[in-house]
Number of protein chains: 2
Amino acid sequence: MDRDQVEELRSLQDTLYFIGGKWRIPIMNSICNGNRRFREIERSIPGITTRMLSRELKDMEANKLLKRNVYADTPVLVEYEPTEHCRSFGNIISEMINWGRSHRNVVVEREDC
Amino acid sequence: MDRDQVEELRSLQDTLYFIGGKWRIPIMNSICNGNRRFREIERSIPGITTRMLSRELKDMEANKLLKRNVYADTPVLVEYEPTEHCRSFGNIISEMINWGRSHRNVVVEREDC
DNA sequence: TCTTTTGGTATACTTAAGTATAGTAGTTAC
DNA sequence: GTAACTACTATACTTAAGTATACCAAAAGA
């Protein structure tokens, strides 16, 4: 194992740690797709609970992945805005979508046989 | 949420499900980097236990991500070989390495301030 | 007035993922 | 003969992640 591979593995594991669970990437994707409000994001990700969404959003704000803007009109309006840091995940997310798409095709092919 | 976003989310979640835990991507990376034998892969990923490696390799074989070749010389030699399916993850892995690298730089910058 | 919507929090629980540690059977090196 | 390596499996346990459910206050709509 040469030096490069050690550094690559470290970068890889950092990213994986950052992605963490099941929901962060879908949330990033949703926000980058233009969803801004809590219920809007929630509806865009079937199956997520308010608890998980709430926790993730808080954590993501702390990690500078998004900005939480509160507009104190009545009723109060809360919007989550992606940062550049969040958008920098775009390539990973696109690649994941591509992979998932072609993987599904492979599975479908197998099922046809 | 239009049709496209539903399909994208599905692809994304499929991929995330496939990646699963903490170890699969590092294992794929290791094997694609040329590591072939059990102990070789194990040593290339500090912290992994034989149990996790064993489980993952088995699961990955079942999912056609790799081929397990047994050479019945004495002593028996076992080699894990990546399939095209595994290599197709290359883009995701590269993007993750890139992200991890630049994220670390960002963190280092912050620490310097 | 009653229901629904918004933007969440609190509590309790389950399950999946991962860790720690030991052991197996065969082989080779000293 | 004993220590170390290969390629694992087995058992027991911990912890983190996720689920289920209920609830809150304020506002708007029917």
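Atoms considered below: every heavy atom in the structure, side chains included; atoms not considered: hydrogens, waters and symmetry mates. These numbers come from a predicted model, not from an experiment.
dT6(D) atom C1' lies 11 Å from atom OH of Tyr80(B), rounded to whole Å. One interatomic measurement links the two molecules: CD1 of Ile41(A) to P of dT5(C), which rounds to 18 Å at whole-angstrom precision. Computed from coordinates, the Leu77(A) CG to dT5(C) P distance equals 17 Å when rounded to whole Å. Atom CE of Met60(B) and atom P of dC8(D) are 14 Å apart (whole Å). Rounded to whole Å, atom P of dG8(C) lies 12 Å from atom CG of Asn69(A). Between the CD atom of Glu42(B) and the C1' atom of dA20(C) there is a distance of 14 Å, given to the nearest Å. Taking atom CG of residue Leu53(B) and atom P of nucleotide dA20(C), one finds them 16 Å apart after rounding to whole Å.
Taking only side-chain nitrogens and oxygens, Tyr71(A) never comes nearer than 4.0 Å to OP1 or OP2 of dT6(C). For Lys58(B), a side-chain nitrogen or oxygen approaches OP1 or OP2 of dT9(D) to under 4.0 Å. For Ser54(A) and dG8(C), the shortest distance from a side-chain N or O to OP1 or OP2 is not below 4.0 Å.
Looking only at side-chain heavy atoms (C-beta outward), Asp59(A) and Arg24(A) come within less than 4.5 Å of each other. Side-chain atoms of Lys22(B) and Gln13(A), non-hydrogen and from C-beta on, never get closer than 4.5 Å to each other. Put simply, the side chain of Gln5(B) reaches to within 4.5 Å of the side chain of Asn35(A), judged on heavy atoms.
Between Phe18(A) and Trp99(B), the ring planes lie tilted relative to each other; the angle falls in the 30° to 60° range. Using the six-membered ring where Trp is involved, Tyr80(B) and Phe38(B) have ring planes that are tilted, between 30° and 60° apart.
Ranked by how close their nearest DNA chain C nucleotide is to the 5' end, Arg39(B) and Val78(A) are led by Val78(A).
At a non-hydrogen distance threshold of 4.0 Å, nothing from residues 28-37 of chain B comes into contact with DNA chain C.
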Checklist entry - How would nucleotides 13-30 of chain D be written as a contact map, 5' to 3', with B for base contact, S for sugar-phosphate-only contact and - for no contact, using protein heavy atoms under 4.0 Å? => result -----BBB------SS--

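With 3.5 Å as the limit, one finds no donor-acceptor pair spanning the side chains of Asn29(A) and Glu8(B).
Without hydrogens or angle criteria, Arg68(A) side chain to Glu79(A) main chain gives no donor-acceptor distance under 3.5 Å.
More than 12 heavy-atom neighbours from other residues, nucleotides or ligands sit within 6.0 angstrom of CZ on Arg87(A).
Counting any heavy atom pair closer than 4.0 Å across all strands shown, Arg68(A) reaches sugar-phosphate atoms only and no base atom.
Using a 4.0 Å cut-off between charged side-chain N and carboxylate O, Arg104(B) and Glu7(A) make a salt bridge.
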